[in-house]
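The structure presented is a predicted model; accordingly, all values stated were derived computationally and were not measured. Below, chains carry the letters A, B, ... as their sequence lines are ordered, and counting in each starts from 1.
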Amino acid sequence: SVRPAPRGPARARLLLLVCCPTFRSSFARLFGGEAAEQWRFAGGSTEPPAPPQEAEAEADEGPLLAALGWFALLRVEGRAEASKGPRLSVAAAASLPKGAPLLACGSPFGAFCPDIFLNSLSRGVLSNAAGPLLLTDARCLPGTEGAGVFSADGELVALVAAPLCWRAREWVGLSLLCAADALLRAAAHALGRLGSQADARLLAALLPPDGGDPAAAPTEHSAAWVAAVLVECGSVWGSGVALAPRLVLTCRHVAPREAKRVLVRPATPKSSPVWGKVVFATQDTSPYDVAVVKLEENLKGIPFPVLASHFHEGEDVQVVGFGAFGQTCGPSVTSGILSAVVEVNDAPVMLQTTCAVHGGSSGGPLFTGSGELLGIVTSNTRDNSTGATYPHLNFSIPITALEPALDQYRRTGDLQPLQELDRPGEQVRVVWRLQRVPAEPPRSKL
Amino acid sequence: MGRRWDPALAAGEQAGCVVSARGAERPGAEAEGPWSCSGVLLSRRAGLVLCHGGIVAPFLRMGAAALQPGAGPPFLGADSCRDDLRLHVQWGPGRGPGAQAGPRGALCTPPC
């Protein structure tokens, strides 16, 4: 077993405090400026976590938040021991593609009850990255600041910088990470400046080789999420998915029918933005919140997704959307399972997932693990009585409900089948109003 | 989780730790803290631990202003913190019935 013997608390001394300058600059770029007031980060204290609304209000007060992006290097006194397990190795964070599986290992509530909470595990994916600033959808709690986040093959990828984020009063469901390689590089440099050459060499020895292995570079160009696009329509923006070189599917509330022109920005920086027009959007009365955009030019370098024909509750899925950051650092990938498939007359009419979905993700694609397109996201959940938003319960339109009409349009340019989406049955409307479908029509007692 | 995650599980178990910071008790004054967070044991042999910097922020001689961007180099030496800072690290398997009891806090386990 690699499990070490139980240990009581050991004294330690501070060697240095260090922050990664690139992390700080990425943080300022993503969360600073006009967006600064919208973002709140919460976590760290020895107190139990407050409910989201209260925690948001208190988010700026914790000492851990004042030091967001700063990490402490310590040396345990008199308790060093020979390693009995595998040597810690550090991943080159830049080599990980979005969607890569991650495992966070931390202690919720910090030193509170470590006998119960020490090294709790949480699984997720690499949701987004801006240099050494990483985001994961692995669920982390206050007290897990500083926790290690590992790749599936056991390499240390990052440390948790802030476990909880809110944007515009909505819990985002992502945790903020600092890449371990950049952080250790900064710490080794600092140790060298402070004259601790031996420790600097020790840290440097943990690092992956400079430059990395070209073969290990992210293979994002072939990933399914590359079909996700940012859709800008005046001051409104949202997500969409490219189904063909000139065909983008999104939501009506992102690209309404009265919109004359929309700008579609592909997820890969190498692809250029393309103008398009809304050729079809469902009426406001339709429960299917769908719009179809025809582009003026071909999208290039995008692998168009295979459309799913079946849905399996419980299967691993991923949502891709520009919800968290718009075009600032590309789409975010969040993972979960297909939690429900709601059918009317044996036909799927609504999909639910446990992926974290935020404002701005509307129109974004929902993929299976193998990259098949299951549907497009339209909404997450809000409790109007409390104002709480639940990003992990969200709703998507099954692609099977759209595919015949889209196929007809692609082949013939005929919009008539799409217009049928304005006239779904009453049962479909009831489902999307989140009303229970009665098992039997109520009978009159008269 | 399946065997696919075994390397990550082993690495997490080997490296995971929890760090707490408090001020030394002084006559007539309550000790500050504790503040605590998670951490990573980078090297067991050398006893090197990396954790969040926030738990030592209350002990900075210059206060949190020392951590603001542009306030100086992106690192601070040990002497940036007060002498009464006391740090402790705990690691290893602690879960289960044989584990040491921790102090009772405000968290509880309400029945759902």
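Residue A/Leu202 touches chain B through its side chain alone, counting heavy-atom pairs closer than 4.5 Å. Using a 4.5 Å cut-off between heavy atoms, B/Cys81 touches chain A through its side chain atoms alone. In this structure, the portions of A/Ala152 lying under 4.5 Å from any heavy atom of chain B include both its backbone and its side chain.
Distance alone, capped at 3.5 Å, is enough to place a donor-acceptor pair between the A/Trp70 side chain and the B/Leu67 backbone. For the pair B/His52 (side chain) and A/Ala161 (backbone), a donor-acceptor distance under 3.5 Å is present. Remark: the backbone N or O of A/Ala111 is paired with a side-chain donor or acceptor of B/Ser36 at under 3.5 angstrom. Not one N or O on the side chain of B/Ser38 forms a donor-acceptor pair closer than 3.5 Å with the backbone of A/Gly148. At distances below 3.5 Å, at least one donor-acceptor pair connects side-chain atoms of A/Arg75 with backbone N or O atoms of B/Ala46.
Annotation: maximal heavy-atom pairing with chain A below 4.5 Å, among B/Gly77, B/Ala21, B/Ala64, B/Gly39, occurs at B/Gly39. Here A/Leu17 is the residue among A/Leu14, A/Leu17, A/Leu206 with the most heavy-atom pairs under 4.5 Å with chain B. Annotation: maximal heavy-atom pairing with chain B below 4.5 Å, among A/Ser196, A/Pro101, A/Cys178, A/Ala104, occurs at A/Pro101. Looking only at heavy-atom pairs under 4.5 Å with chain A, the residue among B/Val19, B/Asp6, B/Leu42 that has the most is B/Leu42. Heavy-atom pairs under 4.5 Å with chain B peak, among A/Leu183, A/Leu102, A/Val90, at A/Leu102. Of the listed residues B/Asp79, B/Leu76, B/Val18, B/Val40, the one with more heavy-atom pairs under 4.5 angstrom with chain A than any other is B/Leu76.
The line from OG of B/Ser80 to CG of A/Leu16 is 9.0 Å long, rounded to the nearest 0.5 Å.
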